[in-house]
Amino acid sequence: DTLAAIANALATYADLPEASKEPVDIVETVRRGLEVFDKDYIKFESTESKLIAVIDKTQLTRVITNLVKNSVQAIEYNAIADPLILVSLEKNEEVVRLSIKDNGGGIREENMDRIFEPKFTTKTSGMGLGLGMVKNIVEAYDGKMKLYNNEVGGVTFQLIFPIPS
């Protein structure tokens, strides 16, 4: 029932389990997270074949599935003729950058600042907790989250994590 679903979502949001920080292969974790989507327009590329970081695998998977689900919904809602979601992972000296870029409908400018607020949503279903939760998880790892509309339509979410030395 709806009340239980709301209570459950709020509990999940308010009380994320204590992150287990252990060495995880981010490339493998992202690849596995994408397997739950049966969409051939989701592409994955990585500059590394293996990339170990100290992070909670469950939380990282939750971040990926949440962002990709949003992209899938944007593409389907806007009935994009030639859909594409590109998930890319790259490493440079100091950071790991995970980008999720889609060619869905994009985000209206007036919603850009509100998109991470708990309970803010432009969808007809859901709690609007997803992006707030994603941002909390990213920041718990001293990461940054950037979001911008692409020139050709759609959005790019960029998650930037420092590489522990």
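Counting all heavy atoms, side chain and backbone alike, L67 lies closest to M145 at CD2-CE, 4.1 Å. L51 approaches K91 most closely through the heavy-atom pair CD1-CD, 3.3 Å. Nearest heavy atoms, F37 versus V68: CE1-CG1, 3.6 Å. Nearest heavy atoms, N149 versus G106: OD1-CA, 3.3 Å. Contact record, Y41 with P83: CB-O, 3.2 Å, taken as the closest heavy-atom pair. Nearest heavy atom pair, residue I26 against residue A53, reads CD1-CB, 3.3 Å.
Taking CD1 from I85 and CG from D40, the interatomic distance works out to 11.0 Å, rounded to the nearest 0.5 Å. Atom CG of N136 and atom CD of Q59 lie 10.0 Å apart (nearest 0.5 Å). Taking NZ from K43 and CG from L86, the interatomic distance works out to 9.5 Å, rounded to the nearest 0.5 Å. To the nearest 0.5 Å, atoms CG (L131) and CD1 (I107) are separated by 7.0 Å. Atom CG in L84 sits 5.5 Å away from atom CG in N103 (nearest 0.5 Å). The line from OG1 of T29 to CZ of R31 is 10.5 Å long, rounded to the nearest 0.5 Å.
By the side-chain hydrogen bond (donor to acceptor under 3.5 Å, both in side chains) test, E139 is found to be paired with K135, residues two or more places apart in sequence or in another chain being considered.
Proximity of R97 to S99: side-chain heavy atoms (C-beta onward) are separated by under 4.5 Å at one or more points. Counting heavy atoms from C-beta outward, N66 and R62 have side chains that stay 4.5 Å or more apart. In this structure, F157 and L98 have side chains that are not in contact, with every pair of non-hydrogen atoms separated by 4.5 Å or more. Residues S71 and I100 are in side-chain contact: their nearest non-hydrogen atoms beyond the backbone lie under 4.5 Å apart. Counting heavy atoms from C-beta on, the side chains of V87 and V30 come closer than 4.5 Å.
Proximity of a side-chain donor or acceptor of Y141 to a complementary backbone N or O of V54 within less than 3.5 Å is not detected. When atom types are taken as modelled, the side chain of D102 and the backbone of V72 share no donor-acceptor pair closer than 3.5 angstrom.
Note on V36 and L89: same hydrophobic cluster, where clusters join Ile, Leu, Val, Met, Phe, Trp and Tyr whose side-chain heavy atoms are under 4.5 Å apart, directly or indirectly.
Under a cut-off of 6.0 angstrom, the local environment of CZ in F44 is crowded, with over 12 non-hydrogen atoms contributed by other residues, nucleotides or ligands.
In this structure, R32 pairs ionically with E28, as a charged nitrogen and a carboxylate oxygen lie closer than 4.0 Å.
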